[in-house]
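Below you'll find the structure, written out as structure tokens, and then a few comments.
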Amino acid sequence: MGARLSIKPAADFCLPRDACSNGFMLLAPNRWSFGSQSLDRPLSLDGRAVRVRVSQPGASPDDCSSWGAPVGIAVDGALARDERAAVKQLIARMLRVHDDVQGLHDVDTRLRATGRGRISRSPTFFEDVIKTITSCNVQWGGTVAMNAGLCALSAGGAFPAAAKLARTRPATLRAKCRVGYRDVSIIRTAKLFASGNADPAWFEDPAREDDELFAALKRLPGVGPYAAGNLMQLLGRYSRLAIDTETLRHARTALGMTGDERALRKKVEAHYERFGAERFRVYWFELLAEYETKHGPIWMWSSDNGAGDITKP
DNA sequence: GGTAGACCTGGACGC
DNA sequence: GCGTCCAGGTCTACC
């Protein structure tokens, strides 16, 4: 008999809409089930993996009266009291269940009716960092394959812990996970986290200045301007864009901008500057709306049907 | 500070 | 089936 946990989320939280707000939800070890509108994945608890299924019965993005219902977590196995608290904390971080999105809706009123504003992430900052590194300089299919390979390294299929990756040889990562030249960056980053020289609490400290945080992120191996920008939003800092080729495509096709790459970057920065501290989220939900125009609501996509065409992050 | 080239993989394409 | 080319950010060397 497994444990059953419950989280009381923010009043406008809607699992299908808020979980499926980031392509990371389609990467291993996450599995979004289109049929049951639930999220399955293993979580690491002090070295052992427990499988969880997260659901919010009755929640529908199209029915605001269904938002805010309790989020249920079904755990495959029994949990000690401290483990129950840990599971709830990891899921709450991942889904941002308590985030307030009013500030975003104040600057972008288009999002009010949809309730959108939460961008999901990983249960841990370390997983966010490695997933971001695997999203650089590769097409989405490559990122999917790399994360599947990384999770295959761990018993139970959980995302590997920093200590585990720190002990892995570069050749093993290349051969089994197809990470290519990112092998050294991933292992160096894992060593920083495993040794305590990179402290998640330091990066997650809300008192940290954006500039200081961005500079520290760029010092992580394999993290450049794009990756640092993406990690900023994963840390809840939305004042910077994470400009990649998809941003430039959006600038050309949706915003009608022209020019070479340098010119486009300047125009994109100028375009979103008026949204201040909410720059990234305004950009991201514009991009998401564009995808959904082509492919339908993102919560109707599934990890089982090819992971869709969504790009990073 | 700006630029060029290497890094690796998978997909597209031509033969 | 095989070879070639290309796309995707980061890093380093160089100007």
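Only heavy atoms go into these numbers, but all of them, side chains included; no hydrogens, no water, no symmetry mates. Convention: sequence-line order gives letters A, B, ...; per-chain numbering from 1.
- Between A:Gln139 atom CD and B:dT9 atom P there is a gap of 15 Å when expressed in whole angstrom units.
- Open room surrounds CZ on A:Arg188; 12 or fewer heavy atoms of other groups in view lie less than 6.0 Å from it.
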- Task: List the steps and the verdict of side-chain contact (heavy atoms from CB on, under 4.5 Å) for A:Thr134 and A:Leu150.
- Result: CA-CA 10 Å; A:Thr134 66; A:Leu150 288 168; 4.1 Å; yes
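- A salt bridge is defined here as a Lys NZ or Arg NE, NH1 or NH2 lying under 4.0 Å from an Asp or Glu carboxylate O, and A:Arg249 with A:Glu246 meets this definition.
- Between the side chain of A:Glu204 and the backbone N or O of A:Ala201, no donor-acceptor pair lies under 3.5 Å.
- Within 6.0 Å of NZ in A:Lys191 there are 12 or fewer heavy atoms belonging to other residues, nucleotides or ligands.
- One can place NZ of A:Lys266 at 9 Å from P of B:dG2, the figure rounded to the nearest angstrom.
- For the pair A:Leu173 CG and B:dC8 P, the interatomic distance rounds to 14 Å; values are reported in whole Å.
- Counting to the nearest Å, the P atom of B:dC8 and the CD1 atom of A:Ile133 are 16 Å from each other.
- When the C1' atom of C:dG9 is taken as reference, atom CD1 of A:Ile243 falls 13 Å away, rounded to whole Å.
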What side-chain donor-acceptor pairs closer than 3.5 Å can you find for residues 234-242 of chain A, not counting sequence neighbours?
{"residue": "A:Arg237", "atom": "NH1", "partner": "A:Arg208", "partner atom": "O", "Å": "2.7"}
{"residue": "A:Arg237", "atom": "NH1", "partner": "A:Asp210", "partner atom": "OD1", "Å": "2.6"}
{"residue": "A:Arg237", "atom": "NH2", "partner": "A:Asp205", "partner atom": "O", "Å": "3.0"}
{"residue": "A:Arg237", "atom": "NH2", "partner": "A:Arg208", "partner atom": "O", "Å": "3.0"}
{"residue": "A:Tyr238", "atom": "OH", "partner": "A:Arg96", "partner atom": "NH1", "Å": "3.4"}
{"residue": "A:Ser239", "atom": "OG", "partner": "A:Asp210", "partner atom": "OD2", "Å": "2.7"}
{"residue": "A:Arg240", "atom": "NH2", "partner": "A:Asp211", "partner atom": "OD1", "Å": "2.4"}

- Note on the structure: Scoring nucleotides 10-15 of chain C by protein non-hydrogen atoms under 4.0 Å (B base, S sugar-phosphate only, - none) yields SS----
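- Taking 4.0 Å as the cut-off between side-chain N and carboxylate O, A:Asp108 and A:Arg116 do not count as a salt-bridged pair.
- The shortest distance between the side-chain N/O atoms of A:Arg182 and the OP1/OP2 oxygens of B:dC7 is not below 4.0 Å.
- Rounding to whole angstrom units, CG of residue A:Asn230 and C1' of C:dG9 are separated by 12 Å.
- Dashed line: the shortest gap from a side-chain N or O of A:Arg262 to OP1 or OP2 of B:dG2 is not under 4.0 Å.
- Nucleotide B:dG2 holds its C1' atom 13 Å from the CD atom of A:Glu261, rounded to whole Å.
- Distance A:Ile186 CD1 to B:dC7 C1': 14 Å, rounded to the nearest Å.
- Within the 4.0 Å cut-off from OP1 or OP2 of B:dG10, at least one side-chain nitrogen or oxygen of A:Arg178 is found.
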